[in-house]
Amino acid sequence: MGYPYSHEKETVVLSRGFGDPATRTLARWKEMGGYTALEKALNLPYEEVIEEVKSSGLRGRGGAGFPTGVKWSFMPQEKKGPHYLCCNADESEPGTFKDRELMRWTPHQVIEGCLIAAHAIRAEHVYIYCRGEFFEATQVLARAVEEAYEAGLIGKNILGTGVDIELTVVAGAGAYICGEETALMNSLEGRRGLPRVKPPFPAAIGAFGQPTTINNVETLCAVPHIINRGGAWYREQGTEKSPGTKLFCVSGHVRRPGNYELPLGFPMMELINDVCGGLRPGRTLKAVIPGGSSVPIMNAEECASCTLDYEGVIECGSMLGCASVIVMDDSTNIVKQVRRMVDFYAHESCGQCTPCREGTQWLSRILVRIENGKGTEEDLDTLLELGDQMTGTTICVLSDSAAAPVASSIEKFRDDYLALIRRGERVGAA
Amino acid sequence: MSDSKRGGPDRNVPFRNPGWAGNTGEYELSEAEVRGEEYVGIRSKDGGHPSISTTMPYILDEKSPDAPLFEGEYRERLDKIRSRYPDLRGALIPVLNLAQEIRGHLTSETMKEVAAELELSDAYVRGVATFYTMYNKAPVGRFLIQVCTNISCNLCGGDEVLAAFLKHAGVEMGETTDDGLFTITEVECLAACGFPTAVQINSRYYENVQPEDVPALLDRLREEGA
Ligand SMILES: Cc1cc2nc3c(=O)[nH]c(=O)nc-3n(C[C@H](O)[C@H](O)[C@H](O)COP(=O)(O)O)c2cc1C
Ligand code: SF4
Ligand code: FES
């Protein structure tokens, strides 16, 4: 059920209990069938848990959409030392606000998902890395962890199955880059949050030098439902290649922004116009960023036929990312908003790679110039060239993410840039 | 009432989240219910269960720059935190959080104490501490007000909300008011984009803040801070 609004077209799986304060408690969560999946999973061999999740086709909700069961199967067969599971609760991609809702309304769902995943990868310790700013959501989660420990759901010999799993809630300290999986592990180890060069991949050498799997909060929340009802049931929703339901975070110029849970493959215009109550009166759609600030911007024409699944959005010229749909109507100054996103990346670049550290600053400065009416048409070529040099040349994809909105907006909204540039010329001439 | 010029949620449609506006009866939920205050309860300074000992507030209401760092219940909490990591270094971020919670900001003296406690070099701790934006390197006001001006909030008037805070508190960005109450800054996306404009004040989120809400919000904080 969406929050703060809900809609009859939603398919409620993960968002059951959103907006109901009682769902946070262990008692109510159990009444709702909570922790039965954990009991079932712990009594299964770990391989079967992985198989069930593989068969569901669940794809990672942290942005990349990598199949979760496959990721789990990368963990070493032969266990030589400790394994770790990291739950990525560092949500900070502009436009994305689903993990916070999952944590503050359904903390036990997060815990249950973590424990099942930990069993599947044979991890003895789970770290939930929460964004530092999420003080309120983290407190709710922490209380739930405490309740679960008291009830014997975490710790030694969980539910009498002989499985031991410890779980620690960790709060970060403010750095978007710590959402990147290897940066998160560095931060967890007490280092600066610098992404690592891959390979080695986390499944080989991860947190504290041990095999590690890292999953997003929403990914892990889907796991208990898959264990309870089966991979085949999960596939009844969504599309062949993008099964299941997804929380869509809709923000910007719609009348009812918020989270809505819908099957993947849902039409974008129906989401905007129907589920979210449409645009403000008298306004028309100008642009949509469908997956958080890191993905290319779409114009109204591309949105018209777009369906919201991993493949559907790619076909229409962007990416689904975390399904963070940012809606912009005709009152939007695209150049200003692109500049604002670039400033974000310039601020959050960890500074290890020159194209990213210098490139984001350059992009920002040129965009500010254009925004202030002092740009030239050649600046657009410079921006595109800079973006090219920043793409595919760095340790992590933050650099690519900063370039994506710039290149796509120049391609699709060139007139907006030109209007600012020409107005500037006229002002200058007068 | 939603301002059709600015965008953001239509307050004429039944809306369950009271945002910052308090328990006015207009909303289905109270502020305390949204925040889970009753469920969370009062957390003990020794951190409670070791699994959650890292998660206390990052700014206490009563901060004290000279308070001892690792004594009494805080010593207990430190030991619990250390028990959750395979090595001492792992505890660094939670321990820096703890230091800031007690003292309000991190001086080089504080960083040295942390370094000694965790058997790390001073330079290493400084290098880590300066990487993260939530560590205040200088004192901040009683209320640290951080206004999101990133894209989703910006589309709905985030810049105007920031300007309203600066105007009504009578202070420049990043500065602290003369009475020591408010420090106001801009912040990157707070992951509350569906509730524009999102504002974080110390450990709390205030949602759906509009420029015209700002004077009353500041008044309420003045009352709390008095
Ligand atoms: C710059 C950057 C920031 C990221 N931020 C997040 C984040 O805040 N939350 C998240 O779950 N994943 C984030 N990711 C993706 C993670 O690296 C990782 O792919 C993800 O957590 C894996 O989980 P999943 O397989 O369940 O999707 C980020 C990636 C990059 C490159
Ligand atoms: S691309 Fe940017 S954020 Fe990523 S590692 Fe390089 S400098 Fe750091
Ligand atoms: S853009 Fe303001 S909270 Fe995300």
Side-chain angles (χ1 to χ4, degrees), chain A residues 3-5 19 21 24-25 91-92 94-97 100 104 131-133 135-136 138-140 142-143 145-146 149 166-176 187-193 208 249-253 255-259 277 280-281 293 326 328 332 337 340-341 344 347-348, chain B residues 2 4 7-10 13 15-17 28-29 33-36 38-41 43 48-52 54-55 57-58 84-87 89-94 96-97 118 127-128 131-135 149-152 154-156 188-196 200 203-205:
Chain A
Y3 185 79
Y5 305 101
R24 294 174 176 133
T25 61
E91 178 170 66
S92 24
T96 313
F97 51 102
R100 174 168 162 260
R104 68 175 177 162
R131 180 178 176 170
E133 286 88 345
F135 172 74
E136 292 172 317
T138 304
Q139 293 296 298
V140 171
R143 175 72 196 113
V145 168
E146 207 172 41
Y149 258 107
E166 296 294 331
L167 187 151
T168 303
V169 183
V170 182
Y176 164 70
S187 182
L188 184 65
E189 290 176 16
R191 301 171 196 275
R192 289 194 275 168
F208 308 106
C249 319
V250 191
S251 64
H253 293 146
R255 293 180 68 221
R256 292 197 296 264
N259 271 291
R280 298 168 293 167
S293 63
I326 306 170
M328 291 172 255
T332 308
Q337 295 307 332
R340 185 64 191 80
M341 286 190 280
F344 165 74
H347 182 253
E348 300 297 335
Chain B
S2 157
S4 61
D10 185 344
V13 184
F15 186 63
R16 284 186 285 164
N17 184 311
E28 254 178 54
L29 294 165
E33 283 172 326
V34 170
R35 298 204 154 102
E38 198 186 320
Y39 178 61
V40 171
R43 293 274 309 281
H49 193 281
S51 64
I52 59 170
T54 60
T55 61
Y58 81 98
R84 305 307 283 184
Y85 293 93
D87 57 20
R89 185 201 305 269
L92 179 54
I93 308 284
L96 286 172
N97 289 352
L118 298 181
V128 173
F131 183 84
Y132 296 94
T133 52
M134 276 171 60
Y135 295 132
T149 56
N150 214 310
I151 180 161
S152 302
N154 205 305
L155 288 169
C156 302
E188 296 299 353
C189 174
L190 290 167
C193 328
F195 307 91
Q200 181 169 29
S203 308
R204 293 170 90 162
Y205 272 30

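Residues satisfying the side chain to side chain donor-acceptor pair (under 3.5 Å) criterion with Arg340(A), sequence neighbours excluded, are Thr149(B), Glu188(B). Thr55(B) is linked by a side chain to side chain donor-acceptor pair (under 3.5 Å) to Arg43(B), counting only residues two or more places apart in sequence or in another chain.
Put simply, of Glu33(B), Glu38(B), Arg84(B), Arg204(B), the one with the most heavy-atom pairs under 4.5 Å next to chain A is Arg84(B). No other option in Val128(B), Asp87(B), Asn150(B), Thr54(B) has as many heavy-atom pairs under 4.5 Å with chain A as Asn150(B).
Under the 30°/60° scheme for interplanar angles, the aromatic rings of Phe97(A) and Phe195(B) are found to stand perpendicular.
Contacts of Val170(A) with chain B are made by both backbone and side-chain atoms, with heavy-atom separations under 4.5 Å. Contact annotation for Arg104(A): only side-chain heavy atoms (C-beta onward) come within less than 4.5 Å of a heavy atom of chain B. Heavy-atom distances place the side chain of Tyr149(A), and not its backbone, under 4.5 Å from chain B.
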_One pair to check against side-chain contact (heavy atoms from CB on, under 4.5 Å): His49(B) and Val145(A). What are the steps and the verdict?_
CA-CA 9 Å; His49(B) 193 281; Val145(A) 168; 5.8 Å; no
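Rounded to the nearest 0.5 angstrom, Leu155(B) CG and Ile326(A) CD1 are separated by 7.5 Å. Annotation: the span from Cys189(B) atom SG to Glu348(A) atom CD amounts to 10.0 Å, rounded to 0.5 Å.
Not a single donor-acceptor pair under 3.5 Å links the side chain of Glu146(A) to the backbone N or O of Gly48(B). Side-chain N or O atoms of Ser203(B) include none that pairs as donor or acceptor with a backbone N or O of Glu136(A) at under 3.5 Å. Formation of a donor-acceptor pair under 3.5 Å by the Tyr205(B) side chain with backbone atoms of Phe135(A) is not found in this model.
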